[in-house]
Trainee: 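Shown below is the structure under consideration.
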Amino acid sequence: MPLEGKVAVVTGSSRGIGRSIALELGQNGASVVINYNQNEEAAKEVAAKIISTGSKAKIFKADVSKFNEAQDLIQYAIKEFEDLHILVNNAGTTRDGLIMTMSERDWDFVIETNLKSTFNCSRAAVRHMLRRRYGRIITITSVSGQMGNAGQTNYSASKAGQIGFTKALAREVASRNITVNAVAPGFIETDLTGSLPEDLKAELTDLIPLGRVGKPEEIAKAVAYLASDDAAYMTGHVLTLDGGMAMF
Ligand code: NAP
C-alpha cells in the first residue's frame, strides 16, 4: 500500500478522470476527500467504493472556482483526516467555440473553473504542506494546452496556464520537499468528450498512433505514481498520456 497514511484531496472526483484518480489513490491506501460540485449521489458512490476497499473516504461539495469554497474544501480535509499530503487539481470543463463567437461569459467560466480553481486549491494546500515540509500537488492539464486546439482558445489557454503555474510553483516550494507536477491527457473517454459528434471522435482517434482513445484508469495510474515516494525526484514535470498524439 504505497499511499498508506497519506491524505488526498481530488477536485471534481464525482465523475470521469477525477473519479478514477480518487479510486486509484484509495486502492493504494490513501484517505481521500472526494470533491463534487453538482453530483452528490455520484460522489457518494465513489466514497462507498473506496471504503469497501478498506480505505477512508469523505465527500465535500465545493465549487472550486470560488476562492472561499476551495479554502473550505482544503480545511475540511485537514480537519477530518488531520493532515494533507496530496492535492489533485482535476476539476475542469469546456465551453467550445470559435473566437469570433465565443462569449466573454464562456471565456471567464472556463478560465475560472480550470485555472483559477488550481490557484485556489493549491494556495490553501501549500500553506499546510509548507509547515509539514511534505506535499504532492498534481494538476490535470491537457495536450490542448501544449498543442492548442481550434475552437478551444479558452480551454487551451486555461490548460497552458496550468502548466506555467505548475513550473512556477515547483520552483517556489521545492526546498520544502513539495513536488508539483502536471499530467496531460490526450483524448480520454468521459462525459466531457462523450457528447462530441461520432465523426469528430473518429477523426481524433485517427490522429492517435496507438489507435484508440485513453481510459480514465490509465490517467489515474500516472497520478498515483506522481503521488508516491517513487516520484520523489520529479518536479515541474508534465507527463503526457495521449497514445502518442502530440509527441513533443
Ligand atoms: P468530466 O467527466 O466532465 O468530469 C468533470 C468533473 O469535474 C466532475 O466530477 C464535476 O463535478 C467536476 N467539476 C466541474 N466543475 C467543477 C467545479 N467548479 N468545482 C468542483 N468540481 C467541478 O471531465 P473529465 O473528462 O473527467 O475531465 C477531468 C479533467 O481532465 C479536466 O481538468 C479536463 O480538462 C482534463 N482532461 C480531460 C480530457 C478528456 O479527454 N476527457 C483530456 C485532457 C484533459 P460534478 O459532476 O459534481 O459537478
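Keep in mind it's a predicted model, so treat the numbers as computed, not measured. Every number for a ligand or one of its atoms is a count from 1 in the order of the listing.
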Trainee: Using distance alone, with no hydrogens and no angle criterion, decide if N89 and S122 have a side-chain donor and acceptor under 3.5 Å apart.
Mentor: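 Yes - a donor-acceptor pair under 3.5 Å links their side chains.
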Trainee: In terms of atom number and element, which parts of ligand 1 are under 4.0 angstrom from non-hydrogen atoms of D63?
Mentor: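 Within the 4.0 Å cut-off of D63, ligand 1 contributes 17 (C), 18 (N), 19 (N).
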Trainee: Checking the N or O distance criterion of under 3.5 Å, is ligand 1 in contact with N39?
Mentor: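 Between N39 and ligand 1, an N or O pair is found under 3.5 Å apart.
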Trainee: Please confirm whether T11 approaches ligand 1 to less than 4.0 Å, judged on its heavy atoms.
Mentor: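 Not so, T11 does not reach ligand 1.
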Trainee: Give a yes or no answer on whether the side chain of N181 reaches the backbone of I137 with a donor-acceptor pair at less than 3.5 Å.
Mentor: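 Flag not set: sc N181 to bb I137 has no pair under 3.5 Å.
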Trainee: Which of the numbered atoms in ligand 1 are below 4.0 angstrom from a heavy atom of Y36?
Mentor: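 Listed by number with element: 47 (O).
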Trainee: Are the side chain of D96 and the backbone of Q152 linked by a donor-acceptor contact shorter than 3.5 Å?
Mentor: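 Side chain of D96 to backbone of Q152, a donor-acceptor pair under 3.5 Å: no, none is there.
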Trainee: Just checking, K6 and F81: is the charged tip under 6.0 Å from the six-membered ring centre and within 45° of the axis?
Mentor: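 No, a cation-pi geometry is absent between K6 and F81.
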Trainee: Among protein heavy atoms, which lies nearest atom 44 (C) of ligand 1, and at what distance?
Mentor: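 The closest heavy atom on the protein side is T141 O, 3.1 Å.
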Trainee: Counting each atom of ligand 1 from 1 as listed, which ones have a heavy atom of D191 under 4.0 Å away?
Mentor: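 What qualifies from ligand 1 is 2 (O).
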Trainee: With atoms numbered from 1 as shown, which atoms in ligand 1 lie under 4.0 angstrom from a non-hydrogen atom of G16?
Mentor: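 Counting atoms of ligand 1 from 1, those under 4.0 Å from G16 are 2 (O), 26 (O).
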Trainee: Between T118 and Q162, does any side-chain donor sit less than 3.5 Å from a side-chain acceptor?
Mentor: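 T118 vs Q162: donor-acceptor pair found between side chains.
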Trainee: Taking distance alone, with N or O pairs closer than 3.5 Å, would you say K159 contacts ligand 1?
Mentor: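 Right, the criterion is met.
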Trainee: With heavy-atom distances below 4.0 Å as the criterion, list the atoms of ligand 1 near A62.
Mentor: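 Those of ligand 1 that fall under 4.0 Å from A62 are 19 (N), 20 (C).
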Trainee: So, E218 and R212, do they make that salt bridge, N to O below 4.0 Å?
Mentor: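 R212 and E218: salt-bridged.
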Trainee: Closest non-hydrogen protein atom to atom 9 (O) of ligand 1, residue and atom name please, with distance?
Mentor: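 Minimum-distance protein heavy atom for atom 9 (O) of ligand 1 reads S14 OG, 2.8 Å.
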Trainee: Under a 4.0 Å threshold between the charged nitrogen and the carboxylate oxygen, would D72 count as salt-bridged to K61?
Mentor: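 Answer for the salt bridge query: no.
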Trainee: Does any part of the side chain of F60, heavy atoms only, come nearer than 4.5 Å to the side chain of I34, both counted from C-beta?
Mentor: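 I34 vs F60: side chains apart.
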Trainee: Can D108 and R105 be counted as an ion pair, charged N to O under 4.0 angstrom?
Mentor: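 Here D108 does not pair with R105 in a salt bridge, since their nearest N and O are not under 4.0 Å apart.
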Trainee: Under a 4.0 Å threshold between the charged nitrogen and the carboxylate oxygen, would K56 count as salt-bridged to E80?
Mentor: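 Salt bridge: no.
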Trainee: Given side chains that start at C-beta, do those of D242 and P185 come closer than 4.5 Å, heavy atoms only?
Mentor: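 No - every pair of side-chain heavy atoms lies 4.5 Å or more apart.
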Trainee: Which of the numbered atoms in ligand 1 are under 4.0 angstrom from any heavy atom belonging to N35?
Mentor: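 In order of number, 20 (C), 21 (N).
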Trainee: In the protein, which heavy atom is nearest to atom 19 (N) of ligand 1, and how far is it?
Mentor: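 Ranking protein heavy atoms by distance from atom 19 (N) of ligand 1, first comes V64 N, 3.1 Å.
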Trainee: Would you say ligand 1 has an N or O under 3.5 Å from any N or O of G18?
Mentor: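 For ligand 1, there is no N or O atom that lies under 3.5 Å from one belonging to G18.
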Trainee: Give the residue and atom name of whichever protein heavy atom lies nearest to atom 33 (C) of ligand 1, and the separation in Å to one decimal.
Mentor: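 Result for atom 33 (C) of ligand 1: Y155 OH, 3.4 Å.
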Trainee: Walk me through it: do L25 and V10 pass the test side-chain contact (heavy atoms from CB on, under 4.5 Å)?
Mentor: CA-CA 9 Å; L25 298 183; V10 184; 3.9 Å; yes
Trainee: Looking only at protein heavy atoms, which one is nearest to atom 6 (C) of ligand 1, and how far off is it?
Mentor: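 For atom 6 (C) of ligand 1, the nearest protein heavy atom comes out as G12 O, 3.6 Å.
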Trainee: Look at the side-chain heavy atoms of Ile, Leu, Val, Met, Phe, Trp and Tyr, link any pair under 4.5 Å apart, and say whether L226 and V7 land in one connected group.
Mentor: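 Different clusters.
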Trainee: At what distance is the nearest protein heavy atom to atom 13 (N) of ligand 1, and which residue and atom is it?
Mentor: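 Ranked first by proximity to atom 13 (N) of ligand 1 is A91 CB, 4.0 Å.
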Trainee: Which option, Q38, E40, Q162, owns the non-hydrogen atom nearest atom 47 (O) of ligand 1?
Mentor: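 Heavy atom nearest to atom 47 (O) of ligand 1 belongs to Q38.
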Trainee: Minimum distance, heavy atoms only, to atom 14 (C) of ligand 1: which one of G186, S142, P185, G92 is it?
Mentor: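 It is G92 that holds the nearest heavy atom.
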Trainee: Which residue owns the protein heavy atom closest to atom 27 (O) of ligand 1, what's the atom, and how far is it?
Mentor: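 Looking only at protein heavy atoms, the one closest to atom 27 (O) of ligand 1 is L192 CD2, 4.0 Å.
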Trainee: Taking only heavy atoms of T190 into account, list the atoms of ligand 1 that are under 4.0 Å away from them.
Mentor: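 Answer for ligand 1: 2 (O), 24 (P), 25 (O), 26 (O), 41 (N).
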Trainee: Out of I188, I17, N114, V10, whose heavy atom is nearest to atom 37 (C) of ligand 1?
Mentor: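 Residue with the shortest heavy-atom distance to the ligand atom: I17.
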Trainee: With a 3.5 Å cut-off and no angle check, do the side chains of S158 and N114 form a donor-acceptor pair?
Mentor: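 Judged by distance alone, the side chains do pair up.
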Trainee: To which of I140, N90, V88, N120 does the heavy atom nearest atom 31 (C) of ligand 1 belong?
Mentor: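 Of the listed residues, N90 has the closest heavy atom.
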Trainee: Check each atom of ligand 1 against the heavy atoms of T193 and keep those under 4.0 Å away; list them by number with element.
Mentor: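 Atoms satisfying the 4.0 Å criterion: 39 (C), 40 (O), 41 (N).
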Trainee: Could you check atom 10 (C) of ligand 1 against the protein and tell me its nearest heavy-atom contact, residue, atom and distance included?
Mentor: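 Of the protein heavy atoms, R15 NH2, 3.7 Å lies nearest.
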